[in-house]
2 protein chains.
Amino acid sequence: MSRNKQKGRPNVALSPQEWKLMTLLWEKSPQPAYDLIEALAPREKWHPNTVRTMLARLLQKRVVRAERYKNLYLYSAALSREDLVNAESSSFLERVFGGALRPALIHFVKKQRLSPEEVEEMKRILDENSDPSKS
Amino acid sequence: MSRNKQKGRPNVALSPQEWKLMTLLWEKSPQPAYDLIEALAPREKWHPNTVRTMLARLLQKRVVRAERYKNLYLYSAALSREDLVNAESSSFLERVFGGALRPALIHFVKKQRLSPEEVEEMKRILDENSDPSKS
DNA sequence: CTGGTTTAACTACAGCTGTAGTGAGAGGAC
DNA sequence: GTCCTCTCACTACAGCTGTAGTTAAACCAG
């Protein structure tokens, strides 16, 4: 259970725009560039070339993979959302809270003012993830 | 109590290095550049000019203020840590969790495996910040 | 006063990011 | 076969970041 996978620790950081693209790829992979461009089109209004450039850069960073299909490429997420969320969360914690989780949690909880139901849910999650072996 | 200060909503984002500098300034303001350089020296090994450049940029962004004192400047944080933590947290939530707090909380709790004592503390904090007016 | 030390100002430069233009090759419409 | 269209590859360029070098002004030791 507590395998500390040191292995695939992603060393990359995604820019905000890249997160948006990746979100689409985590929802559905593989996809041709065109589908991504279309999917993005409603909210973000990116030039098609912009999307392609970002895909190319994500390829370089090896965050996405591409397979040739006929005359085009099909892009897939190469790293799991989980991995990148972990990386980004650590970097956030490190930067903003000096790596300390507790103040961060406190900050979020205080900000958000959860409803009593949500509080109950959080407590349940806390219990499920409590680690009795610690102190 | 619930003054929703729409006012000074900081529109800036700090880079990782800038956070480190600001951390020092939140601990003690005002300070001359030299003290900051010294304080940084142990862990980070930044060239003095690097620190000064960063200060200059933070000045431009109006995140720090400087007052002339004799032949040098004394730098002070111009924005509260609180404000910048808020800004950074929102941007983080937005980017990584699409703005949804709950999955973020769940993520952090699951990652960190708190000790039972910490779990108790978190529950206390949850209770203190529960908002019964919400559903 | 004169030169060394410190501060501050300006300049440099590479890598990343956001955003796109341009050109070349491949496939389909006629 | 010829031309239009789409995909991809390459290029561009400005703004931000990390990291510092250079220059000029100012102050203190002698």
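Below, chain A is the first sequence line, B the second, and so on; all start at residue 1. Values below: every heavy atom of this structure, side chains too, minus hydrogens, waters and symmetry copies.
Atom CZ in B:R52 sits roughly 18 Å away from atom P in D:dT23 (whole-Å rounding). With rounding to whole Å, A:R68 atom CZ is found 13 Å from C:dG25 atom P. Rounded to an integer number of Å, the gap from CG of A:L72 to P of D:dC6 is 13 Å. A:Q60 places its CD atom 13 Å from the P atom of C:dG15, with the value rounded to the nearest Å. In this structure, CG of A:L55 is placed 15 Å from P of C:dA20, rounded to the nearest angstrom. Between A:K70 atom NZ and D:dC6 atom C1' there is a gap of 14 Å when expressed in whole angstrom units. The CG-P distance, from B:L74 to C:dA8, rounds to 9 Å in whole Å. Between B:L58 atom CG and D:dC16 atom C1' the separation is 13 Å, expressed in whole Å.
Across all strands, B:A56 comes closer than 4.0 Å to no nucleic acid atom at all (heavy-atom distances). Across all strands, B:P16 comes closer than 4.0 Å only to sugar-phosphate atoms, never to a base (heavy-atom distances). Note on A:T50: a base of the nucleic acid sits closer than 4.0 angstrom, heavy atoms only.
The shortest distance between side-chain heavy atoms of B:W46 and B:I37 does not fall below 4.5 Å. Put simply, the side chain of A:Y75 does not reach to within 4.5 Å of the side chain of A:R65, judged on heavy atoms.
The phosphate of C:dT17 (OP1 or OP2) has a side-chain N or O of A:K61 nearer than 4.0 angstrom. The shortest distance between the side-chain N/O atoms of B:S15 and the OP1/OP2 oxygens of D:dC16 is not below 4.0 Å. Taking side-chain N and O atoms only, A:Q17 has a distance below 4.0 Å to OP1 or OP2 of C:dT19. For D:dC16, the OP1/OP2 oxygens have no side-chain nitrogen or oxygen of B:R57 closer than 4.0 Å. Distances shown here put every side-chain N or O of A:Y34 at or beyond 4.0 Å from the OP1 or OP2 atom of D:dC8. Contact between the side-chain N/O atoms of A:T53 and the OP1/OP2 oxygens of C:dG18 is not found at any separation under 4.0 Å.
Counting only heavy atoms from C-beta on, A:H47 has its side chain closest to C:dG21 among D:dT7, C:dT7, C:dG21. Closest to the side chain of B:W46, out of D:dT19, C:dT19, D:dG18, is D:dT19.
For D:dT22, the base has a donor-acceptor partner in the side chain of B:N49 [N/O atoms by modelled type, under 3.5 angstrom].
Distance check, rounded to the nearest 0.5 Å: CZ of B:R81 to CZ of A:F97 gives 6.0 Å. Separation of atoms CG (B:D35) and CG (B:L24) is listed at 10.0 Å; rounding is to 0.5 Å.
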- Given B:D131 and A:V119, is the side chain to side chain contact (heavy atoms under 4.5 Å, CB included) satisfied, shown in steps? CA-CA 9 Å; B:D131 185 346; A:V119 166; over 6 Å; no

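Where A:L14 and A:K45 each meet DNA chain C at their nearest nucleotide, the meeting point lying more 5' is that of A:L14.
Atom CZ of B:R43 is surrounded by 12 or fewer heavy atoms from other residues, nucleotides or ligands within 6.0 Å.
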